[in-house]
**Student:** 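One structure is given below, represented as structure tokens, and several questions about it will come after.
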Amino acid sequence: MNSAVSIESLSFLVIDDDEFMLDIVAMNLNHLKAANVATCTNGCEALARIDNGESFDVVMIDLNMPIIDGVEVLRSLAQRNFPNGILLFSGEDARILKTAQSLANEHKLNVLGALTKPVVVNDLQEALQAYRPNTTEAPQKLFEPITVDELYKAINEKQILPYFQPQVLSRDKSLVAAEVLARWQHPERGLLAPFHFIARAEELSLIDELTWSLFEQAIEQFGRWRTMGTNLSMSINLSADSLGTVNLPEKIASLVAANHIPYDAIRLEITESRLMKNLKTSLDVLARLRLKNFGLSIDDFGTGYSSLAQLNSIPFNELKVDRAFVHGAAADPAARAILESSVMLARKLDMTVVAEGVEDQSDWDQVEAIGCDLVQGYHVARPMPADQFEQWMETWNERTIA
């Protein structure tokens, strides 16, 4: 927990229709020296107290309640833009609890965790470690929609830049590859992550231009690194919308050859979060990319459309397991089962496995034990511009060699 915040200083509202359970939770909070604990036996009463101006640092919500259930309470808190901590607890199936937690995250609520009943003091204390005080004085101003002229100018002026996130071998931590990720250095809006503009580029039919600009910058950079003796492989995302360009394999091959990079050092990541518009042309393009020896990676595996069908019809040689099934898998049996099954499937199909979203040592230990080949995530490094990546690469190589 932030050193400026202690459990003793927090105010709690606990919502559960079972008064015995309310007593247990209140007793556990008192054991943790919480001095301000209020309770409600239904969600309507709790919402009324909040609407009447009472302030609570943490609201604890049971899922299965009469009148309105915990899911409805979450929706109501989201409608009120409730900014403080939310802790879920329930005696229901663990997967229902996890779904409720995912829903709260989608609502952009500040979720501290989800506990199973009966609530244990140690679990409660651990969940409260995630509490951070709300320091937002006013809601952030929403961005105005990005216009076609604004995006077109950004592409032409190369405001959208390649950032590089390393991929290392799980067995010895040696650096072997990097994924190229787009970042927009906007003159007014600051540095923008892909979720601000990639979908918009697809909507405005500018994704091909954006992708190609990023390709050119990234391939030229990799070409320079290879002349320096750094023989990394490179992964770069390819929108499903771009697969409708029938001469794309030749265009990519020409750019890669001009920068003296072998084709098999380039992996094209195809996200399955969007359906391919023209399956016939897409299969044509993907087949010829593999014939030219480019790698094909199925990105965000398990989160989009027809994963198994795509594996059966497209010659992927790499599988990237989505971070939703990687981060926290050591403590999440469902996520761990999906991760293990994905690795087993990839092995049977003779595919390399990349675990993305590895954010701490427990994530690393889990993916290493399960047998993932490559590791990517904040535990290794965040995405960086080229100059910072060069510095990081030198430091990492020295550390792994030592």
Side-chain angles (χ1 to χ4, degrees), residues 1-16 22 25-26 28-29 32-40 43-65 68-90 92 94 96-117 119-143 193 195-196 323-324 327-328 331-332 335 357 359-360 363 378:
M1 182 178 294
N2 189 307
S3 59
V5 178
S6 63
I7 293 177
E8 301 97 291
S9 67
L10 301 180
S11 58
F12 293 84
L13 176 63
V14 186
I15 314 168
D16 195 318
L22 285 177
V25 174
N28 287 339
L29 287 169
L32 295 172
K33 302 189 184 326
N36 190 349
V37 180
T39 61
C40 288
C44 290
E45 179 189 349
L47 293 169
R49 294 182 68 162
I50 291 171
D51 289 342
N52 287 334
E54 290 191 62
S55 178
F56 302 99
D57 297 306
V58 179
V59 175
M60 296 182 62
I61 307 168
D62 180 35
L63 291 185
N64 197 345
M65 298 185 292
I68 63 171
D69 58 43
V71 172
E72 293 174 287
V73 174
L74 288 174
R75 187 196 317 133
S76 298
L77 289 174
Q79 291 168 348
R80 289 162 171 76
N81 295 315
F82 184 76
N84 297 327
I86 290 174
L87 189 55
L88 303 174
F89 65 107
S90 179
E92 299 294 326
I96 298 176
L97 190 56
K98 183 178 179 182
T99 298
Q101 184 175 6
S102 298
L103 173 63
N105 287 326
E106 288 297 315
H107 278 310
K108 309 302 182 187
L109 292 168
N110 180 17
V111 187
L112 304 180
L115 305 177
T116 56
K117 289 183 178 180
V119 176
V120 179
V121 171
N122 289 344
D123 293 342
L124 180 57
Q125 184 176 29
E126 184 177 349
L128 291 173
Q129 300 300 315
Y131 178 83
R132 296 293 182 273
N134 175 44
T135 56
T136 304
E137 297 180 359
Q140 281 191 321
K141 183 179 178 182
L142 295 176
F143 280 143
F195 69 85
H196 284 297
R323 73 177 306 280
H327 180 51
D332 186 335
E359 296 190 3
D360 53 38
D363 290 344
Y378 289 180

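If you read the sequence from its start, that first residue is 1, and numbering goes on from there.
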**Student:** Hey, does N122 have a side-chain heavy atom less than 4.5 Å from the side chain of E126?
**Tutor:**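 No; the side chains remain at least 4.5 Å from each other.
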**Student:** Which of these, T99, L97, D16, sits in a side chain to side chain contact (heavy atoms under 4.5 Å, CB included) with L63?
**Tutor:**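 Option passing the side chain to side chain contact (heavy atoms under 4.5 Å, CB included) with L63: L97.
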**Student:** Residues in side chain to side chain donor-acceptor pair (under 3.5 Å) with D363, at least two apart?
**Tutor:**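 For D363, the residues satisfying side chain to side chain donor-acceptor pair (under 3.5 Å) (neighbours in sequence not counted) are H327.
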**Student:** Measure from the side-chain N and O atoms of T39 to the backbone N and O of V14, and report whether any donor-acceptor pair falls under 3.5 Å.
**Tutor:**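 No, T39 side chain to V14 backbone: no donor-acceptor pair under 3.5 Å.
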**Student:** Tell me every residue that passes side-chain contact (heavy atoms from CB on, under 4.5 Å) with A127, counting only those two or more places apart in sequence or in another chain.
**Tutor:**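 For A127 the side-chain contact (heavy atoms from CB on, under 4.5 Å) partners, ignoring immediate neighbours, are L87, L115.
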**Student:** Just verifying a value: how many Å separate S76 OG and H107 NE2, rounded to the nearest 0.5 Å?
**Tutor:**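 If I round to the nearest 0.5 Å, the distance is 9.0 Å.
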**Student:** Closest approach of L13 and C40, non-hydrogen atoms and distance?
**Tutor:**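 So the two residues come closest at CD1-SG, 3.7 Å.
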**Student:** Among all residues two or more places apart in sequence or in another chain, which pass the side-chain contact (heavy atoms from CB on, under 4.5 Å) test with V120?
**Tutor:**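 With sequence neighbours excluded, V120 shows a side-chain contact (heavy atoms from CB on, under 4.5 Å) to D123, given in chain and number order.
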**Student:** What residues form a side-chain contact (heavy atoms from CB on, under 4.5 Å) with E8, not counting sequence neighbours?
**Tutor:**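 Residues passing side-chain contact (heavy atoms from CB on, under 4.5 Å) with E8: S6, K33.
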**Student:** Could you pull out all residues at least two apart from E45 that satisfy side chain to side chain donor-acceptor pair (under 3.5 Å)?
**Tutor:**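 Testing E45 for side chain to side chain donor-acceptor pair (under 3.5 Å), a comparison that skips the adjacent residues, returns none.
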**Student:** Name all pairs fulfilling the salt bridge (Lys or Arg N to Asp or Glu O under 4.0 Å) condition that reach into residues 75-89, sequence neighbours left out, sorted by first residue then second.
**Tutor:**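 Sorted pair list: D51-R80.
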**Student:** Check F56 against A38 and note the closest heavy-atom contact, atom names and distance.
**Tutor:**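 That closest heavy-atom pairing would be CE2-CB, 3.9 Å.
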